[in-house]
Amino acid sequence: MQEPSSDAVSVIRYLDAVVEVLRSAGVSVVEVDVDLAAAAPVRAQLVTSAGRVLRWRQDLGWSTGARVIEPVSHPGAVARLAVDG
């Protein structure tokens with residue numbers, strides 16, 4: 001998987017792939033917030049129907065608060081993070 005760049009289209013495609021894999025894993029995403037700011041790492045937050053919140057920073061990675069995985073983790077790894085915590 002290619003690293004998402006600060007290019008908005010690449011970031012949205014990556015996040016879309018993550019949401020699709022989450023859906024396939026039975027995790028509904030009810031809200032997606034993306035923060036694109038010039039000269040800053042892209043940030044996103046995915047809120048699931050179960051109340052779990054996944055936060056992503058392009059430079060730091062994915063986090064549930066208790067666990068962190070790499071910034072360019074495969075969407076399947078993000079789904080496991082959402083399911084397993």
Side-chain angles (χ1 to χ4, degrees):
M1 165 147 300
Q2 289 184 335
E3 178 176 344
S5 68
S6 59
D7 171 60
V9 173
S10 296
V11 168
I12 297 305
R13 284 182 180 158
Y14 175 65
L15 294 173
D16 186 51
V18 168
V19 169
E20 181 60 29
V21 171
L22 286 167
R23 186 191 62 74
S24 296
V27 177
S28 297
V29 176
V30 295
E31 184 178 327
V32 177
D33 293 317
V34 180
D35 183 11
L36 296 167
V42 178
R43 296 181 302 178
Q45 178 174 287
L46 308 178
V47 179
T48 67
S49 58
R52 183 161 303 214
V53 178
L54 297 170
R55 291 179 178 84
W56 179 68
R57 260 191 57 158
Q58 190 175 23
D59 59 339
L60 299 176
W62 287 95
S63 172
T64 59
R67 290 186 49 213
V68 176
I69 60 175
E70 296 294 317
V72 291
S73 294
H74 185 278
V78 179
R80 285 189 297 280
L81 180 66
V83 171
D84 299 339

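Count residues from 1 along the sequence. Predicted model only: the values in this text are computed from it and were never measured.
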Is there a side-chain contact (heavy atoms from CB on, under 4.5 Å) between Trp56 and Leu15 once you walk through the steps?
CA-CA 10 Å; Trp56 179 68; Leu15 294 173; 4.1 Å; yes

Contacts of type salt bridge (Lys or Arg N to Asp or Glu O under 4.0 Å), residue Asp33, not counting sequence neighbours:
none

How far does CD of Glu31 sit from CG of Leu46, to the nearest 0.5 angstrom?
9.5 Å

Taking every heavy atom of Val72 against every heavy atom of Tyr14, the minimum-distance pair comes out as C-OH, 3.7 Å

Donor-acceptor contacts, no H, no angles, side chain residues 18-29, under 3.5 Å, sequence neighbours left out:
| from | atom 1 | to | atom 2 | distance (Å) |
| --- | --- | --- | --- | --- |
| Glu20 | OE1 | Arg23 | NE | 3.4 |
| Glu20 | OE2 | Arg23 | NE | 3.4 |
| Glu20 | OE2 | Arg23 | NH2 | 2.3 |
| Ser24 | OG | Glu20 | O | 3.1 |

Hey, can you pull the donor-acceptor pairs under 3.5 Å for the side chains in residues 36-45, sequence neighbours left out?
| from | atom 1 | to | atom 2 | distance (Å) |
| --- | --- | --- | --- | --- |
| Arg43 | NE | Asp35 | OD2 | 3.3 |
| Arg43 | NH2 | Asp35 | OD2 | 2.4 |
| Gln45 | OE1 | Arg55 | NE | 3.4 |

Not counting sequence neighbours, which residues clear salt bridge (Lys or Arg N to Asp or Glu O under 4.0 Å) with Arg57? List them please.
Asp59

Give a yes or no answer on whether the side chain of Thr48 reaches the backbone of Arg52 with a donor-acceptor pair at less than 3.5 Å.
yes

Co-members of the apolar cluster containing Val47 [side chain, <4.5 Å]:
Val30, Val53

Taking all atoms of both residues into account, what is the closest heavy-atom pair of Gln58 and Val11, and its distance?
NE2-CG2, 4.4 Å

Do Val68 and Trp62 have side chains that approach each other closer than 4.5 Å (heavy atoms only, starting at C-beta)?
no

Shortest non-hydrogen separation from Arg67 to Leu81 and the atoms involved:
CB-CD1, 3.6 Å

